[in-house]
Amino acid sequence: MWYGNLFEELKSLQDSERAVSMAAYMRNQFPFLGIAATPRKLVAKSYFRIALQEHIIDFDFVEKCFQQQEREYQQLAVDYLLSIQNLLTPEDLNRIKKYIVTKSWWDTVDGLDGVVGNMTLRYPELKKVMVEWSQTDNIWLRRVAIDHQLLFKNKTDTLLLAEIITNNFGTKEFFINKAIGWSLRDYSKTNPQWVKDFIQKHSSQMAPLSIREGSKYL
């Protein structure tokens with residue numbers, strides 16, 4: 001078993017005082033062990049290296065992480081998926097979808113955002129799935145669809161970005177309107193004129209939060 005004593009090593013870093021503040025920061029959605037991101041990733045690094053060397057995609061490990069109560073285990077699962085993301089194929093997207101909609105909150109969803117983005121870059125046929133996700137009732141799938149092209153820079157598919165964003169106009173959902181703003185703000189670093197023109201064209205349909213976030217670097 002490639003991950004050996006990883007769970008035990010992680011739990012040995014437990015800090016009950018920090019756990020209280022971490023849970024509060026996440027609006028008490030989940031209990032925490034009280035382990036910050038840096039030590040969590042440091043403990044897992046050598047284990048993930050073994051998984052990469054062996055070309056392992058171990059969804060049983062991810063399942064075990066998501067079955068645990070404390071939030072660090074789900075974050076650990078996302079760290080793992082990010083570390084082996086280049087091994088994933090289109091057939092794995094439904095599994096990733098499952099983890100997006102399981103114990104959903106912005107910390108894991110935004111991490112899986114990167115996994116999905118990597119997959120769509122390598123397999124452009126998945127773009128049509130992003131359009132489908134942008135129209136679902138689940139806000140977290142919609143958030144991933146909106147933001148999956150973050151950091152794509154010149155590889156950004158602007159037609160896809162525009163379609164997905166416009167599919168999400170008219171909502172008061174904070175996590176959606178924030179995601180729209182982030183996607184535009186990120187792309188404005190590469191093509192500010194496109195973002196400026198998009199906001200001007202759709203300003204009457206966009207939430208103030210989206211405009212404010214999207215215009216930050218213009």
Side-chain angles (χ1 to χ4, degrees), residues 25-30 74 78 81-82 85 88 90 92-218:
Y25 179 69
M26 290 291 184
R27 301 183 187 177
N28 293 307
Q29 296 283 323
F30 315 97
Q74 288 92 64
V78 174
L81 290 169
L82 284 166
Q85 60 186 334
L88 297 168
D92 297 315
L93 186 59
N94 275 335
R95 289 181 179 269
I96 304 304
K97 178 182 179 181
K98 174 185 175 181
Y99 302 127
I100 292 170
V101 301
T102 301
K103 298 186 177 180
S104 306
W105 201 241
W106 63 263
D107 57 330
T108 55
V109 170
D110 290 356
L112 292 170
D113 204 336
V115 175
V116 173
N118 175 276
M119 294 176 75
T120 61
L121 268 183
R122 293 185 295 114
Y123 302 100
E125 64 269 26
L126 296 180
K127 291 179 181 181
K128 63 182 180 182
V129 182
M130 295 301 98
V131 175
E132 293 170 3
W133 285 11
S134 74
Q135 301 174 84
T136 69
D137 292 333
N138 186 283
I139 66 167
W140 301 109
L141 289 175
R142 287 163 58 194
R143 183 176 170 95
V144 169
I146 294 165
D147 280 345
H148 80 278
Q149 294 193 86
L150 289 178
L151 305 179
F152 276 23
K153 299 182 180 179
N154 289 323
K155 295 180 180 179
T156 299
D157 183 334
T158 54
L159 291 176
L160 178 64
L161 179 63
E163 181 178 5
I164 287 174
I165 290 176
T166 55
N167 282 346
N168 283 278
F169 285 162
T171 181
K172 295 182 180 179
E173 173 55 56
F174 171 83
F175 287 110
I176 297 301
N177 289 326
K178 187 81 168 179
I180 291 172
W182 279 351
S183 65
L184 293 172
R185 181 180 66 187
D186 181 70
Y187 188 52
S188 74
K189 300 173 188 177
T190 300
N191 192 339
Q193 190 60 52
W194 187 93
V195 174
K196 182 178 180 181
D197 291 344
F198 182 88
I199 292 175
Q200 288 179 342
K201 179 180 179 180
H202 298 287
S203 60
S204 64
Q205 299 167 279
M206 295 176 67
L209 173 60
S210 299
I211 295 174
R212 184 168 64 251
E213 289 289 338
S215 304
K216 186 171 182 179
Y217 299 131
L218 297 179

Sequence neighbours excluded, the answer for side-chain hydrogen bond (donor to acceptor under 3.5 Å, both in side chains) partners of S134 is N167

Does NZ belonging to K196 count more than 12 external heavy atoms closer than 6.0 Å? no

Heavy-atom closest pair (L184 atom, G214 atom, distance to 0.1 Å) is CB-CA, 3.9 Å

Counting N and O atoms only, with roles assigned by atom type, does the side chain of N168 sit under 3.5 Å from a partner on the main chain of I146, one being a donor and the other an acceptor?
no

Indicate every side-chain donor-acceptor pair of residues 124-132 with a distance under 3.5 Å to a residue at least two apart or in another chain.
{"from": "K127", "atom 1": "NZ", "to": "D157", "atom 2": "OD2", "distance (Å)": "2.9"}

- Side-chain donor or acceptor of T171 paired with backbone N/O of E173 under 3.5 Å: yes

Next on the checklist: Is it true that, when you exclude N154 itself, more than 12 heavy atoms of the residues, nucleotides or ligands shown sit nearer than 6.0 Å to its CG?
Outcome noted: no

- Task: For D147 and L150, indicate whether the former's side chain and the latter's backbone hold a donor-acceptor pair under 3.5 Å.
- Result: no

Margin query: Checking side-chain polar atoms at under 3.5 Å, does N118 have a donor or acceptor matched by the opposite partner on R122?
Written below: yes

Subject >> Parallel, tilted or perpendicular, as decided by the 30° and 60° cut-offs, for the rings of W140 and F175 >> reply: tilted

Take F198 and I165, measure what side chain to side chain contact (heavy atoms under 4.5 Å, CB included) needs, and give me the verdict at the end. CA-CA 10 Å; F198 182 88; I165 290 176; 3.7 Å; yes

D107 meets the side chain to side chain contact (heavy atoms under 4.5 Å, CB included) criterion, sequence neighbours left out, with M26, R71, Q75, W105

Here the gap from L160 atom CG to T120 atom OG1, rounded to the nearest 0.5 Å, amounts to 8.0 Å

Value for OG1 (T156) from NE2 (H148), rounded to nearest 0.5 Å, stands at 9.0 Å

Scanning both residues in full, the closest heavy-atom pair of Q149 with D186 reads O-OD2, 4.3 Å

The residue among H202, Q205, M206, K201 that forms side chain to side chain contact (heavy atoms under 4.5 Å, CB included) with T166 is H202

Correct closest heavy-atom pair for T190 and K153 would be OG1-CA, 3.4 Å

query = Counting only heavy atoms not in Y123, do more than 12 sit closer than 6.0 Å to its OH atom?
reply = yes

Residues L82 and G111: closest non-hydrogen pair is CD2-O, 3.6 Å

Taken in chain and number order and not counting sequence neighbours, the residues that satisfy side-chain hydrogen bond (donor to acceptor under 3.5 Å, both in side chains) with D110 are R143

ask   = Does the side chain of R142 reach to within under 4.5 Å of the side chain of W133, using non-hydrogen atoms?
value = no

Residue set satisfying side-chain hydrogen bond (donor to acceptor under 3.5 Å, both in side chains) with D197, at least two apart, ordered chain then number -> Q193

| message | Under a 3.5 Å distance rule, please check whether S210 uses its side chain to pair with a backbone N or O of N177 as donor and acceptor. | response | yes

Result for ring pair (Phe, Tyr, Trp, His ring centres under 6.0 Å) between Y187 and one of W194, W182, F152 points to W194

When rounded to the nearest 0.5 Å, the distance separating OG1 of T102 from NZ of K97 is 11.0 Å

Hits for side-chain hydrogen bond (donor to acceptor under 3.5 Å, both in side chains) against E213, two or more places apart or cross-chain, chain-then-number order -> K178, R185

Donor-acceptor contact present, side-chain S215 to main-chain R212, <3.5 Å: no

*Look at atom NZ of K189 and say whether more than 12 heavy atoms of other residues, nucleotides or ligands are closer to it than 6.0 Å.*
yes

Distance col, row L209:CG vs F174:CZ, nearest 0.5 angstrom, shows 6.0 Å

Shortest non-hydrogen pair, I100 vs V109, comes out as O-CG2, 3.8 Å

In this structure, CE of M119 is separated from CD1 of I96 (nearest 0.5 Å) by 6.0 Å

Here the gap from L141 atom CG to S104 atom OG, rounded to the nearest 0.5 Å, amounts to 8.0 Å

Note: S188 and L218 closest approach over all heavy atoms is CB-CD2, 3.8 Å

